[in-house]
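Shown next, in structure tokens, is the structure this report addresses.
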Amino acid sequence: MKLPIGIRGSSMPGRQHRSAIALCVGVLLSDLSLAGCKHARPENVPIDSVYVDGPWAEGWWQHCSYLATQDVDHCQTFNWGGGVIKNGEFSPYDGGTAAKESELTIDNHSRLAGPYIICLKNGRILLPKSDFENQKEFIDRITGKSKTR
């Protein structure tokens with residue numbers, strides 16, 4: 001006597017059963033691999049940009065280059081989707097000269113980093129020239145270099 005499909009121990013014929021298991025395993029593996037993955041770099045973000053980890057598992061893309069003819073650093077910050085947050089000249093927080101190309105290695109894990117604050121691996125910080133005093137005051141406060149009101 002042949003038992004109905006549900007009683008034989010499997011509700012799917014062998015080939016469909018194996019396909020379903022393969023699909024489940026594939027979904028599980030892709031979920032695990034995406035769990036530690038950052039956002040893919042959008043096409044409009046320069047290829048040598050760095051994804052900077054931000055709070056709450058979000059971050060932004062940063063890119064800087066040294067313009068030797070003007071002796072300035074030009075930096076761009078993009079949100080994770082490629083929208084421009086900041087694009088312009090940046091000045092060193094320490095008041096020194098512009099960071100040369102060899103110094104422009106962005107630290108993507110600095111606790112001081114932000115969309116308007118670019119931290120370099122050599123310890124220097126670059127701030128947007130257009131909002132320098134405001135950003136400098138902010139860093140002074142969070143690092144204890146100035147007293148809050």
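Ile125 shares a hydrophobic cluster with Tyr93, Leu112, Ile117, Leu127, Phe132, Phe138, Ile139, Ile142; the chain of contacts runs through ILVMFWY side chains whose heavy atoms sit under 4.5 Å apart.
Judged by distance alone, with hydrogens and angles left aside, the side-chain atoms of Arg41 form a donor-acceptor pair with the main-chain N or O of Val45 at under 3.5 Å. Side chain of Ser49 to main chain of Pro46: a donor-acceptor pair is present (N/O by atom type, distance under 3.5 Å, no hydrogens or angles). A donor-acceptor pair is defined here as one N or O able to donate and one able to accept, closer than 3.5 Å; such a pair exists between the side chain of Glu101 and the backbone of Tyr66.
The shortest side-chain heavy-atom distance between Pro42 and Trp61 falls under the 4.5 Å cut-off. Considering only heavy atoms from C-beta on, Asn44 comes within 4.5 Å of Phe78 through its side chain. The shortest distance between side-chain heavy atoms of Phe90 and Lys129 does not fall below 4.5 Å.
Distance check, rounded to the nearest 0.5 Å: CD1 of Ile106 to SG of Cys64 gives 4.5 Å. Atom OG in Ser91 sits 10.0 Å away from atom CD in Glu133 (nearest 0.5 Å). Once rounded to the nearest 0.5 Å, the distance linking CG of Leu126 with CG of Leu120 reads 4.5 Å. A distance of 13.5 Å separates CG of Asp131 from NZ of Lys136, quoted to the nearest 0.5 Å. Here His109 contributes atom NE2 and Asp53 contributes atom CG; the two are 5.0 Å apart, rounded to the nearest 0.5 Å. Between the NZ atom of Lys100 and the CG atom of Asp73 there is a distance of 8.0 Å, given to the nearest 0.5 Å.
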#### Entry: Residues Arg124, Glu103; criterion side-chain contact (heavy atoms from CB on, under 4.5 Å); working and verdict
CA-CA 9 Å; Arg124 294 186 81 192; Glu103 300 174 80; 3.6 Å; yes
### Residues His74, Asn87; criterion side-chain contact (heavy atoms from CB on, under 4.5 Å); working and verdict
CA-CA 7 Å; His74 181 268; Asn87 182 8; 2.8 Å; yes
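Screening Gln135, Lys86, Glu89 for a side chain to side chain donor-acceptor pair (under 3.5 Å) with Ser130, the sole residue that qualifies is Lys86.
Of all heavy-atom pairs spanning Pro115 and Thr77, the tightest one is O-OG1, 2.9 Å. The minimum heavy-atom distance linking Gly114 with Gln62 is given by the pair O-NE2, 3.0 Å.
Hydrophobic clustering (side-chain heavy atoms under 4.5 Å, transitive across Ile, Leu, Val, Met, Phe, Trp, Tyr) keeps Val84 apart from Ile118.
At most 12 heavy atoms of other shown residues, nucleotides or ligands fall within 6.0 angstrom of atom CD in Glu43.
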